[in-house]
Amino acid sequence: MPLSNDVLALLRTPKFWRFQLGSIAASFAQAMFGTAIGWDLYERTHSAFLLGLVGLVQFIPVVLLALPAGQVVDRYDRSRVLMGAIALHVVGVLGLVAATHLGAPLPVFYACLFLSGVAQAFSGPARAAILPRLVPKELLARAVTWNTTAWQLTYLIGPALAGLFIGATRRADTIYLFDAVACIFFLLMLAGLKAPPLQSNKQAPTWTDALVGLKFVMRTELMLGAITLDMFAVLLGGAVVLLPVFAKDVLAVGPQGLGWLIAAPSLGAALTSIVLSALPPIRRNGPVLLWGVAGFGLATVGFALARDPLLAWTMLFLTGVCDTLSVVIRVNLATILTPDEMRGRVEAVHRIFIGTSNELGGFESGVTAAWWGPVRSVLFGGIGTLLVVGMVAWRSPALRRLGVIKAEEAPHAASVSS
């Protein structure tokens with residue numbers, strides 16, 4: 001049996017599972033943290049705009065530091081860069097614990113979230129760049145799918161538990177503390193991880209070098225199309241930041257219901273990821289990607305119009321199913337097409353176009369909800385997503401025809417660097 005078709009092969013790769021255990025613990029705690037901070041701030045302010053401001057505060061450091069962070073990841077020990085970023089996140093989270101106990105004003109909360117955003121600017125590229133160095137090349141696509149599955153499972157269980165815990169205790173600071181402990185566990189897992197070293201780069205860093213990742217993405221039509229789709233789907237169609245508003249004011253389901261609403265997309269995503277991890281790699285990647293993002297937009301429209309909690313939950317579940325199809329294809333594209341020596345810089349571009357669209361999309365949702373109300377805000381986002389799918393399908397025939405992803409479909413690294 002070819003190694004790429006061996007479902008259990010990753011179980012025999014200790015480095016992968018050491019990294020995965022720490023990553024799962026941190027992701028699980030951060031999923032709980034996201035629910036807790038949303039509930040905490042909305043309880044304090046009752047303002048959709050201030051809730052959306054959480055996304056902007058975390059977006060600013062990521063977009064400002066993404067390119068330098070990618071260069072750092074490609075020049076230095078990726079494990080150490082990731083450990084430093086996680087430690088900085090722990091400092092920000094512990095600051096939130098102290099601010100909660102001391103009754104600090106809102107600017108202190110936003111300052112701690114800003115610090116966490118700085119950490120995210122470095123941890124995202126480092127985390128993505130380490131994974132391909134822990135598994136054989138033949139297992140890379142399957143490792144990416146398994147990694148996505150684990151991440152989705154954490155975001156299935158974490159929000160639900162956070163909602164149940166907050167419903168029982170009416171406290172968020174304990175969840176902040178748990179996030180810090182889980183991240184420390186990830187640090188311990190990384191401390192014993194020996195990834196193959198990168199070839200040392202002795203040249204002085206330059207802005208031209210920092211922009212190599214951006215050039216690579218812009219010259220790779222398939223990656224650019226996939227990134228554009230996901231970026232606008234998240235930016236326009238993401239309803240997650242407004243779920244505290246829907247839970248309290250539209251659907252009237254309380255904090256426990258909020259946890260289940262937030263968990264619904266992750267449940268759909270986790271089940272889809274499990275199915276994908278057990279099946280052979282997707283062969284018609286382009287059509288699946290386009291239909292997946294279109295389905296995400298349609299389900300978002302359905303959620304905006306739903307007034308029954310079960311129907312709303314089902315629509316959110318479907319957004320998770322559709323989103324996972326696009327995420328798995330996009331991540332596989334980036335992982336397979338990107339040369340190892342520029343993974344940090346290419347992932348930094350992903351953080352600008354994809355990762356930060358979560359935060360900027362949260363701000364957009366908060367602003368439009370303040371103007372038009374939460375229902376119209378989410379409805380507008382779903383319709384906008386459908387329009388973007390149509391535009392990308394029209395402008396990118398290569399993406400429409402994409403079958404099996406092959407490394408030779410990317411421009412050569414040397415031609416990009418020149």
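- Judged by distance alone, the side chain of T169 and the main-chain N or O of R171 form a donor-acceptor pair under 3.5 Å.
- For the atom pair L289 CG and I329 CD1, the distance stands at 5.0 Å (nearest 0.5 Å).
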key: From CA spacing to verdict: side chain to side chain contact (heavy atoms under 4.5 Å, CB included), T228, L224   = CA-CA 6 Å; T228 301; L224 182 60; 4.3 Å; yes
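- Annotation: side chain of L82 is in contact with side chain of I86 (closest heavy-atom distance under 4.5 Å).
- Not a single donor-acceptor pair under 3.5 Å links the side chain of S377 to the backbone N or O of G373.
- With values rounded to the nearest 0.5 angstrom, L402 atom CG is found 10.5 Å from R284 atom CZ.
- Ring pair F246/F303: centre-to-centre distance below 6.0 Å.
- Other residues, nucleotides and ligands contribute over 12 non-hydrogen atoms within 6.0 Å of the CZ atom of R44.
- Shown here for A226 and L333, the closest heavy-atom pair between the two residues is CB-CD1, 3.8 Å.
- Checked by atom type and distance alone, the side chain of T45 pairs as donor or acceptor with a backbone atom of L41 at under 3.5 Å.
- Remark: side-chain polar atoms of W39 are not paired, donor with acceptor, to backbone N or O of I166 under 3.5 angstrom.
- Contact detail for A312 and L251: the closest heavy-atom pair is CB-CD1, 3.8 Å.
- When all heavy atoms are compared, the tightest approach of C322 to G292 is CB-O, 3.0 Å.
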request  = Determine, step by step, whether F33 and F28 satisfy the side chain to side chain contact (heavy atoms under 4.5 Å, CB included) criterion, reporting the C-alpha distance in whole Å, the side-chain angles of both residues, the deciding distance to 0.1 Å, and the verdict.
outcome  = CA-CA 9 Å; F33 172 81; F28 175 74; over 6 Å; no
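- Contact between A294 and V389 at its shortest, heavy atoms only, is N-CG2, 3.8 Å.
- For S23 (side chain) and Q20 (main-chain N/O), no donor-acceptor pair under 3.5 Å exists by modelled atom type.
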If you look only at distance, which donor and acceptor atoms sit under 3.5 Å apart when one is on a side chain in residues 182-191 and the other is two or more places apart or in another chain?
none

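- For the pair S326 and L229, the minimum side-chain heavy-atom distance is 4.5 Å or more.
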Using residues 93-119 as the side-chain source, report each donor-acceptor pair under 3.5 Å to any protein atom, sequence neighbours left out, with the distance given to one decimal.
from	atom 1	to	atom 2	distance (Å)
T100	OG1	L96	O	2.9
H101	NE2	D173	OD2	2.9
Y110	OH	L50	O	2.8
S116	OG	H89	ND1	2.9

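- Considering only heavy atoms from C-beta on, L271 comes within 4.5 Å of F317 through its side chain.
- Separating the CG atom in L298 from the CD1 atom in I383 is a distance of 10.0 Å, to the nearest 0.5 Å.
- The shortest distance between side-chain heavy atoms of T319 and M315 does not fall below 4.5 Å.
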query = Yes or no on salt bridge (Lys or Arg N to Asp or Glu O under 4.0 Å) for E43 and K248, after CA distance, side-chain angles and deciding distance?
reply = CA-CA 10 Å; E43 277 292 298; K248 187 169 187 176; 3.3 Å; yes
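- Closest heavy-atom contact between V392 and L399: CG1-CD2, 3.9 Å.
- One finds the CD1 atom of I227 at 9.5 Å from the CE atom of M218 (value rounded to the nearest 0.5 Å).
- For the residue pair E221 and S396, the shortest heavy atom distance occurs at OE2-OG, 3.1 Å.
- A donor-acceptor contact under 3.5 angstrom links the side chains of S27 and R127, judged on distance only.
- Atom-to-atom distance recorded for F296:CZ and L386:CG is 10.5 Å, nearest 0.5 angstrom.
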task = Verify side chain to side chain contact (heavy atoms under 4.5 Å, CB included) between V375 and R307, making sure each step is shown before the conclusion.
result = CA-CA 10 Å; V375 173; R307 293 298 174 268; 3.4 Å; yes
task = For T300 and T385, run side chain to side chain contact (heavy atoms under 4.5 Å, CB included): C-alpha distance rounded to whole Å, both residues' side-chain angles, the deciding distance at 0.1 Å, then the answer.
result = CA-CA 9 Å; T300 300; T385 299; 5.9 Å; no
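- Side-chain atoms of R345 never come within 3.5 Å of backbone atoms of D74 as a donor-acceptor pair (strictly under, hydrogens ignored).
- Here the CG-OG1 distance, from L318 to T272, works out to 9.0 Å after rounding to the nearest 0.5 Å.
- Looking only at side-chain heavy atoms (C-beta outward), L290 and R400 come within less than 4.5 Å of each other.
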